[in-house]
Each structure stands twice: as structure tokens, then as C-alpha cells.
> 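My questions all concern the structure below.
The residues of the chain are indexed from 1 along the displayed sequence.
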Amino acid sequence: MENWQKDPAADKPRATEATSPVNDLQADSQVTERPADERPSVAPPTKRSFMTVRQLVITGLLGGITALLGLTGYGFIHLIYMKATILHIPTIIGGIVEGPRVGMMTGLIFGCFSLFQNIVAPTLMSIVFLNPLISVLPRVLLGLIAYLVYRAMPGAQVVKIAVSALVTSMMNTIMVMGLTYILYAKEFAEMRHVPLDQVVNIIIGICIANGIPEAIGAAVIVTPIVLNLLMRKPTRRQE
């Protein structure tokens with residue numbers, strides 16, 4: 001028989017390794033920690049665009065209507081010394097229905113078209129409207145004014161829309177004629193063959209004679225259109 005010897009070390013119980021919370025934390029970190037290149041990437045926050053697709057489409061549509069009115073001549077009413085306009089109506093509609101960005105962009109198209117119209121078909125007042133500060137800047141502000149007046153007005157929708165259209169149209173006349181007086185009072189007096197001190201009275205007369213009919217017409221046209229558009233406007237969830 002083979003002489004079997006028992007290993008004395010086998011009978012001795014093996015000493016368990018001492019553990020500590022620090023060792024546990026180190027073990028957990030070794031298991032859970034991943035290399036930087038294997039960690040899931042987090043997408044950076046997306047920046048909000050200046051205008052949504054819907055706003056761009058509506059701006060293009062209103063700008064197209066403005067251009068159509070300007071090209072066909074239906075957007076201008078020929079008076080003795082200047083052209084009264086209804087080209088501001090799409091700008092007012094855009095500002096009320098879709099907010100200041102759409103309104104201001106439509107107003108920019110309106111102003112550029114007014115500038116273009118005075119280049120290709122000049123009138124006595126074209127020297128004034130060739131300045132973008134008069135032909136473009138006030139028209140850009142119309143979209144913002146329409147939006148602010150509509151939001152600030154209390155009461156029923158019909159009243160808010162009508163007052164916004166009325167005030168915005170009057171502001172169009174006041175801003176254009178006011179800048180005309182500030183920048184071109186002398187040239188205006190020479191064109192009209194009147195003393196310089198009478199220019200302010202003539203400017204006020206034009207604001208009343210042209211501004212009030214334009215404002216009433218804008219309120220009459222804009223109110224039913226905007227009411228219809230607001231009823232059909234989708235909510236944010238539907239968009």
C-alpha cells in the first residue's frame with residue numbers, strides 16, 4: 001500500500017481576506033467604470049431656430065400676396081401727390097396670427113417692395129421713399145406693433161383685432177410721414193412749393209386724409225380674415 005500522508009496544511013482553515021468599505025468601493029468602481037470612449041454619448045441640446053417651418057411657410061405666403069399686390073398695382077391707391085397703400089394688410093395679419101417674427105419679416109418684404117416700386121415707377125414723393133429708413137424700417141416695425149397691440153388689448157377677439165389693425169395702419173402713416181418731415185422737410189417744401197413752416201401742417205393733413213381711410217379699410221379687411229385664421233390655427237400639440 002502506498003504510504004499516504006495527509007498534508008497538515010489542508011486541515012488548517014484558510015484565513016479569510018479582510019474586507020473594508022474602501023475595498024468595496026474600489027471594487028465597485030472597477031466594475032462599473034467604463035472607458036471614456038465606451039460611455040454612452042449624450043446629444044448636445046438643440047438650438048431653437050429663428051422661425052419654425054410653419055412660420056416660414058406663412059411668411060412666404062404673405063410675402064407672395066404682398067408682392068402680387070405690388071406687382072399688379074392693386075396694393076397702391078393713386079392719389080394726387082403720393083400713393084396710399086393697402087400692402088400693410090398682410091403684415092398686420094402675420095403679426096396678429098403668427099407673432100412678431102412673421103409680421104416683421106412680412107413687413108420687410110412690404111418695405112422692399114415699396115422701395116422697388118418707387119425705383120421703377122417714380123412719383124413726386126419717390127425721393128423720400130428711396131430712403132430705406134422711410135420705405136423699409138417703419139414697415140418692419142408694423143408686424144411688431146400689430147402683435148403688441150393685439151396682445152395688450154382686453155375684450156373680445158373682434159375688438160382686439162379691429163383695434164390692432166386700426167392702430168397699426170395709423171402708425172404706418174404716422175411713422176412714414178413723421179420721418180419724411182424729420183429727414184426731408186426742406187425737399188418736401190420745395191416739391192409742394194410751400195413755405196418751410198407750413199410743411200408740418202401739410203404732413204398732419206396727409207396723415208388725417210390718408211391715414212384714417214387706410215386705417216378703417218385695414219380694420220374692415222383684417223378682422224374677418226384673422227378671425228377665420230385664428231379658428232383654424234392648430235394648437236402646439238397638433239403642430
> Applying side-chain hydrogen bond (donor to acceptor under 3.5 Å, both in side chains), which residue pairs with at least one partner in residues 181-190 are found, sequence neighbours left out?
N131-Y184
> Under a single-linkage rule joining Ile, Leu, Val, Met, Phe, Trp and Tyr whose side-chain heavy atoms are separated by less than 4.5 Å, which residues share a cluster with V53?
V57
> Holding to side-chain hydrogen bond (donor to acceptor under 3.5 Å, both in side chains), I want the full list of residues that pass it with N201, two or more places apart in sequence or in another chain.
Q198
> With sequence neighbours left out, what residues match S169 under side-chain hydrogen bond (donor to acceptor under 3.5 Å, both in side chains)?
H88
> Does I86 belong to the same Ile/Leu/Val/Met/Phe/Trp/Tyr cluster as V226, with side-chain heavy atoms less than 4.5 Å apart forming each link?
yes
> Indicate the atoms forming the closest heavy-atom contact of L124 with M191, along with that distance.
O-SD, 2.8 Å
> Linking I/L/V/M/F/W/Y whenever their side-chain heavy atoms sit closer than 4.5 Å, directly or via other members, would F129 and I182 fall into one cluster?
yes
> Does L69 share a hydrophobic cluster with I109, counting links as ILVMFWY side-chain heavy atoms below 4.5 Å and allowing steps through other members?
no
> So, taking the atom named CD1 in I203 and the one named CZ in R192, what distance separates them when rounded to the nearest 0.5 Å?
8.0 Å
> To the nearest 0.5 Å, tell me how far T168 OG1 sits from E214 CD.
13.0 Å
> Please list every donor-acceptor pair under 3.5 Å in which a side-chain atom of residues 58-68 meets a protein atom from a residue at least two apart or in another chain.
{"residue": "T59", "atom": "OG1", "partner": "Q55", "partner atom": "O", "Å": "2.7"}
{"residue": "T66", "atom": "OG1", "partner": "L62", "partner atom": "O", "Å": "2.9"}

> A209: which residues meet the side-chain contact (heavy atoms from CB on, under 4.5 Å) condition with it, sequence neighbours left out?
none
> Excluding sequence neighbours, so at least two apart, what forms side-chain contact (heavy atoms from CB on, under 4.5 Å) with I204?
V200, I208
> Which distance, rounded to the nearest 0.5 Å, do you find between the CD1 of I127 and the CD1 of I134?
10.0 Å
> By the ring pair (Phe, Tyr, Trp, His ring centres under 6.0 Å) test, which pairs, at least two apart or in different chains, include something from residues 89-118?
F113-F116
> Evaluate T180 against M125 for side chain to side chain contact (heavy atoms under 4.5 Å, CB included), listing each step before the verdict.
CA-CA 10 Å; T180 300; M125 290 291 292; 4.2 Å; yes
> To the nearest 0.5 angstrom, please state how far the CD1 atom of I221 sits from the CD1 atom of I89.
3.5 Å
> Answer whether the closest heavy-atom distance between the side chains of M175 and L137 falls below 4.5 Å.
no
> Do you reckon L115 sits in the same ILVMFWY cluster as V176, going by side-chain contacts under 4.5 Å, direct or chained?
no
> Taking C-beta and beyond as the side chain, do I92 and I96 meet within less than 4.5 Å on heavy atoms?
yes
> Shortest non-hydrogen contact from T223 to A219?
OG1-O, 2.6 Å
> Test V194 against F188 for side chain to side chain contact (heavy atoms under 4.5 Å, CB included), laying out the working first.
CA-CA 9 Å; V194 297; F188 188 86; 5.5 Å; no
> Assigning hydrophobic clusters by single linkage (Ile, Leu, Val, Met, Phe, Trp, Tyr; side-chain heavy-atom cutoff under 4.5 Å), is I119 placed with V136?
no
> Side-chain atoms of residues 138-167: list all donor-acceptor pairs with protein atoms under 3.5 Å, sequence neighbours left out, distances to 0.1 Å.
{"residue": "R139", "atom": "NE", "partner": "N172", "partner atom": "OD1", "Å": "3.1"}
{"residue": "R139", "atom": "NH1", "partner": "S114", "partner atom": "OG", "Å": "3.1"}
{"residue": "R139", "atom": "NH1", "partner": "S135", "partner atom": "O", "Å": "2.9"}
{"residue": "Y147", "atom": "OH", "partner": "R151", "partner atom": "NH1", "Å": "2.9"}
{"residue": "Y150", "atom": "OH", "partner": "Q157", "partner atom": "OE1", "Å": "2.6"}
{"residue": "Y150", "atom": "OH", "partner": "Q157", "partner atom": "NE2", "Å": "3.3"}
{"residue": "S164", "atom": "OG", "partner": "A146", "partner atom": "O", "Å": "2.8"}

